[in-house]
Amino acid sequence: MILASPTEGEKSINTSNVVLFCFLLIPTTLISQSAETPDYRYDVGAKINDMTLTQGGTLVVATNDGLAGIKPGSNDLLFNFTEYGKVKSEELLFIPNAPYVVVGQTGFGGIITKKAVIDYMSGKVLFTTQSNGWKMIMTCTVMMPQNKLVVSGQRRASEKYINAVAVYDLNTGEQESFFKLKSSETVSGRPLLLRSGLIIPTTKSLIKINMESGTTDWITKTDDIKFMVTDETEKKSMH
């Protein structure tokens with residue numbers, strides 16, 4: 001059990017399986033009484049591995065069964081994501097200045113087989129590999145301030161295990177664009193999202209794709225590009 005007084009910022013706490021919230025009062029003579037009778041009690045149903053108080057005030061709890069969200073002041077769990085089972089603290093990526101936590105789990109040989117993106121303010125699961133047809137994930141990048149998710153990897157058997165890139169709208173979780181890559185190419189670094197399209201670094205080239213039409217604007221033979229940036233005009237880029 002744990003007694004917690006929510007504060008701003010992010011904090012990680014290790015505990016067992018019950019979360020108690022006590023809003024401490026003044027004068028100080030009331031503190032001990034308040035601590036004995038918590039304002040809110042949440043049973044997440046499994047051993048707690050880690051807790052993080054996010055920038056938005058939601059407490060994200062990693063358990064042996066999954067990932068739970070608690071919004072102080074509410075009587076119920078905001079969300080309880082159990083699709084991936086046990087979640088460790090190192091499998092969580094909190095996106096700075098955005099309400100998203102990315103859950104990533106690896107399979108045999110360190111291959112990323114499961115990814116999920118959860119809006120910890122609304123409790124909505126915006127993306128999972130299983131529900132969107134991915135067998136293996138190479139990159140999964142939240143793009144801010146565009147509020148997009150760019151995913152690359154290998155598709156499932158129904159699509160003959162092709163390599164592909166997709167863009168999702170994080171306002172809705174809906175897929176906006178989808179591009180097939182050549183079988184010999186995989187994404188090798190962070191894509192660059194522009195107003196006019198998407199530049200993808202692969203193991204063999206840089207590819208500029210028009211997201212509206214799905215056509216390729218240009219291809220430049222190069223390799224080992226890990227990161228790209230552009231100026232405000234988006235006419236020049238550096239890598």
Side-chain angles (χ1 to χ4, degrees), residues 1-23 38-106 112-134 137 139-151 166-176:
M1 290 187 179
I2 183 167
L3 300 178
S5 177
T7 58
E8 294 184 355
E10 293 188 356
K11 294 183 179 179
S12 295
I13 310 168
N14 292 315
T15 183
S16 54
N17 71 329
V18 176
V19 181
L20 304 177
F21 271 101
C22 296
F23 296 92
D39 298 280
Y40 299 94
R41 183 182 188 276
Y42 306 90
D43 189 347
V44 296
K47 181 180 181 295
I48 295 172
N49 299 319
D50 189 76
M51 297 198 298
T52 301
L53 187 59
T54 65
Q55 290 178 319
T58 300
L59 186 69
V60 176
V61 184
T63 76
N64 276 359
D65 282 350
L67 197 69
I70 296 171
K71 184 172 289 187
S74 173
N75 291 315
D76 302 310
L77 294 177
L78 178 63
F79 62 86
N80 194 14
F81 178 74
T82 59
E83 186 174 350
Y84 290 173
K86 182 178 180 179
V87 175
K88 303 175 184 177
S89 59
E90 58 267 28
E91 295 172 335
L92 300 176
L93 173 64
F94 291 89
I95 306 302
N97 303 314
Y100 307 124
V101 56
V102 181
V103 187
Q105 294 185 328
T106 57
I112 300 174
T113 55
K114 296 179 180 179
K115 282 279 189 179
V117 179
I118 300 172
D119 182 336
Y120 59 69
M121 294 301 293
S122 68
K124 185 178 180 180
V125 179
L126 298 171
F127 172 86
T128 67
T129 50
Q130 292 88 332
S131 62
N132 287 278
W134 296 95
I137 295 293
T139 61
C140 181
T141 309
V142 174
M143 298 290 189
M144 301 300 293
Q146 298 97 329
N147 209 32
K148 308 291 184 184
L149 178 72
V150 180
V151 176
V167 179
Y168 299 87
D169 181 359
L170 288 177
N171 290 308
T172 63
E174 297 296 323
Q175 179 178 291
E176 286 191 338

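Only a predicted model underlies this, so the values are computations on that prediction, with no experimental measurement involved.
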>> Test side-chain contact (heavy atoms from CB on, under 4.5 Å) on S89 and N49; report intermediate values, then the result.
In response: CA-CA 7 Å; S89 59; N49 299 319; over 6 Å; no
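- The two residues P72 and G57 have their closest heavy-atom pair at CD-O, 3.3 Å.
- In terms of heavy-atom proximity, A98 sits nearest to M144 at CB-CE, 3.9 Å.
- Taking 4.5 Å as the limit, some side-chain heavy atom of N132 sits within range of a side-chain heavy atom of F127.
- A donor-acceptor pair shorter than 3.5 Å cannot be found between the side chains of N147 and D169.
- Remark: K148 pairs with E176 by the salt bridge (charged side-chain N to carboxylate O under 4.0 Å, His left out) rule, at least two apart or across chains.
- In this structure, K114 contributes its side chain and Q130 its backbone to no donor-acceptor pair below 3.5 Å.
- Here the closest heavy-atom approach between residue D65 and residue G45 is recorded as OD2-O, 3.6 Å.
- Listed here is the closest heavy atom pair of V44 and N80: O-ND2, 4.4 Å.
- Within the 4.5 Å cutoff, no side-chain heavy atoms of T63 are placed close to those of V87.
- To the nearest 0.5 Å, atoms CZ (F79) and CD1 (I118) are separated by 5.0 Å.
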>> Please determine whether side-chain contact (heavy atoms from CB on, under 4.5 Å) holds for the pair V102 and I95, giving the CA-CA distance in whole Å, both sets of side-chain angles, and the decisive distance to 0.1 Å.
In response: CA-CA 8 Å; V102 181; I95 306 302; 4.1 Å; yes
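- Y84 places a side-chain N or O within 3.5 Å of a backbone atom of K115 that can act as its donor or acceptor partner.
- Here CE of M143 is found 14.0 Å from OH of Y168. Values are rounded to the nearest 0.5 Å.
- Of all heavy-atom pairs between L78 and S122, the closest is CD1-O, 3.8 Å.
- Distance check, rounded to the nearest 0.5 Å: OH of Y40 to NZ of K71 gives 13.0 Å.
- Proximity of a side-chain donor or acceptor of Q105 to a complementary backbone N or O of E91 within less than 3.5 Å is not detected.
- With hydrogens and angles disregarded, a donor-acceptor distance shorter than 3.5 Å links the side chain of T58 to the backbone of Y120.
- Atom CG of L59 sits about 10.5 Å away from atom CG of L77, to the nearest 0.5 Å.
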>> Determine whether E83 and T128 satisfy the following criterion, side-chain contact (heavy atoms from CB on, under 4.5 Å), listing intermediate values before the conclusion.
In response: CA-CA 9 Å; E83 186 174 350; T128 67; 3.9 Å; yes
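- Heavy-atom minimum distance, Y100 versus L126: CE2-CD1, 3.6 Å.
- Within the model, atoms CG of D76 and OH of Y42 stand 8.5 Å from one another, a figure rounded to the nearest 0.5 Å.
- L67 has its side chain within reach of V60: a pair of non-hydrogen atoms, C-beta onward, lies under 4.5 Å apart.
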